[in-house]
Amino acid sequence: MESKEKDQGKPHRISLTSEGTLSIPDTPAVPFIEGDGIGPDIWAATKGVLDAAIRFAYGDRRRLIWSEVLAGEKAHRETGEWLPEGTLQAIKNHVVAIKGPLTTPVGKGIRSVNVRLRQRLDLYACVRPVRYIRGVPSPMRHPEKVNMVVFRENTEDVYAGIEWEAQSREAEAVIAFLKAKMGVDVAKDSAIGVKPMSRRASMRLVARAIQYALDHDLPSVTLVHKGNIMKYTEGAFMKWGYEVAREMFGEHIVVESESRPQPDGKAQQGKVVIKDRIADMMFQQVLLRPEAYHVIATPNLNGDYLSDALAAQVGGLGMAPGANLSDNCAVFEATHGTAPKYAGQDRANPISLILSGVMLLQYLGWVEAASAIEQAVQQSIADGLVTYDLARQMPGSQELKCSEFAQAVIERLTPCLSRLKAAPTGSKLEATPSASDK
């Protein structure tokens with residue numbers, strides 16, 4: 001007994017079993033990257049909320065032991081590197097990590113640290129759930145109809161970063177090759193980029209999206225592509241998506257084009273409809289018929305555009321969480337930029353990173369703490385307690401600092417946990433309306 005008490009509270013690593021499942025101790029060590037710009041502000045707020053929720057939900061039995069690792073501007077200042085090898089190794093060793101936003105110069109300088117992180121760790125699935133929180137200002141008449149999860153391929157497409165500057169020796173060599181060997185004329189002053197899209201990467205992304213739909217009892221998976229124009233890259237993504245659906249999930253799926261149409265894309269219970277949409281048409285669909293779409297699987301660039309557009313429908317990137325997943329590790333992140341204008345001012349909205357922390361807790365199976373945070377965030381918004389970006393659009397609300405918003409969420413955790421424990425299994429709780437909502 002004495003040795004057990006002595007060991008209680010010590011950090012332990014999350015590990016993968018031989019079956020590929022997670023082995024999660026009660027006190028796992030979790031690396032964090034603070035982030036650039038507003039990163040330190042929103043990370044401090046997020047850490048406070050996560051720690052409080054775990055403490056309120058589990059007492060002394062569980063907690064996360066935070067371990068800082070470096071990337072971005074802070075890493076460059078302290079080590080001379082933008083993404084140190086030690087950071088990559090720490091994330092591999094600990095399986096799970098969380099990060100704030102990182103700076104990427106536009107049109108010059110270093111390539112994206114975020115992209116390099118995803119490629120080096122083979123974080124092939126960018127998962128972005130987009131759901132409306134009641135009370136958040138939205139440009140839509142019915143934002144509550146938006147409830148989708150985007151699975152964006154994370155390692156290929158134009159985001160692979162295979163490109164050369166116009167009139168560089170490399171660009172001129174590629175242009176000469178295309179003319180001599182392929183009979184293709186490209187203007188001599190062109191910049192050149194390559195768009196790789198492989199069968200393996202496409203199929204594993206779509207497979208993960210379909211498995212998610214089955215695990216969460218969601219009616220459909222939509223393959224979004226521009227295969228009518230880019231027939232051998234994006235068109236192949238669509239083809240390979242249908243192929244893996246039939247090969248791996250045959251008895252659990254229905255292909256839309258081969259079945260009788262159903263309202264809102266739904267199939268018989270226990271089966272998932274697999275369908276595809278052209279990318280530009282899909283932007284119309286998520287505005288006109290968002291309720292017909294549930295899980296979206298898409299190549300990298302389409303997924304970047306579409307997930308941001310969906311976030312705008314529910315209030316903006318400040319409301320949108322995200323995760324980058326491989327088969328061996330996971331990195332949860334704020335989906336917005338660094339907003340250097342507001343760095344160090346304790347003004348930024350931390351909801352994106354807080355909800356990414358919720359995804360981390362769900363990944364660990366700590367669903368009580370995760371659900372309590374979701375409800376507490378909703379309740380804070382319902383009570384009109386929000387940061388400046390929302391307050392300026394919400395008449396009668398109270399503008400809070402970033403740290404004050406985190407405290408408001410923490411103060412609502414205990415009543416939210418009590419409501420969750422008292423609710424029947426499987427029921428859906430809503431935030432209590434504020435006085436202005438009644």
[atom1] of [X]: more than 12 outside heavy atoms within 6.0 angstrom?
X: Glu247; atom1: CD; value: yes
X: Arg62; atom1: CZ; value: yes
X: Tyr388; atom1: OH; value: yes

query = Among all residues two or more places apart in sequence or in another chain, which pass the salt bridge (charged side-chain N to carboxylate O under 4.0 Å, His left out) test with Glu81?
reply = none
task = Using the test salt bridge (charged side-chain N to carboxylate O under 4.0 Å, His left out), find all partners of Asp36 that sit at least two apart in sequence or belong to another chain.
result =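 With neighbours one apart ignored, the set is empty.
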note = Per side chain to side chain donor-acceptor pair (under 3.5 Å), Lys226 is matched among Asn302, Thr233, Asp280 by Asp280
Quick test of your reading of the model: are [X] and [Y] salt-bridged, counting only N-O distances below 4.0 Å?
X: Asp389; Y: Arg347; answer: no
X: Arg208; Y: Asp327; answer: yes
X: Arg63; Y: Asp51; answer: no

message = Under a 3.5 Å cutoff, is there a donor and acceptor pairing between the side chains of Ser326 and Asn328?
response =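 No donor-acceptor contact under 3.5 Å links the two side chains.
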inquiry  = Distance alone, cut at 3.5 Å: any donor-acceptor contact between the side chains of Tyr293 and Arg277?
reply    = yes
request  = Could you check Arg200 against Glu156 for salt bridge (Lys or Arg N to Asp or Glu O under 4.0 Å), going step by step and ending with a plain yes or no?
outcome  = CA-CA 11 Å; Arg200 171 179 174 269; Glu156 296 190 321; over 6 Å; no
query = For Leu223, does its backbone N or O pair with a side-chain atom of Tyr242 as donor and acceptor, under 3.5 Å?
reply = no
request  = Keeping the roles fixed (side chain from Ser356, backbone from Pro321), state whether a donor-acceptor pair exists under 3.5 Å.
outcome  = no
request  = Give, for atom OG1 of Thr17 and atom CG of Leu22, the distance between the pair rounded to the nearest 0.5 Å.
outcome  =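 So the OG1 of Thr17 and the CG of Leu22 are separated by 8.0 Å.
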Taking C-beta and beyond as the side chain, do [X] and [Y] meet within less than 4.5 Å on heavy atoms?
X: Trp240; Y: Val206; answer: no
X: Ser307; Y: Thr335; answer: no
X: Tyr132; Y: Met140; answer: no

ask   = Where does the angle between the aromatic ring planes of Trp82 and His76 fall among parallel (under 30°), tilted (30 to 60°) and perpendicular (over 60°)?
value = parallel
message = For Tyr363 and Phe332, take the angle between the two ring planes, folded into 0 to 90°, and tell me which bin it lands in: parallel under 30, tilted 30 to 60, perpendicular over 60.
response = perpendicular
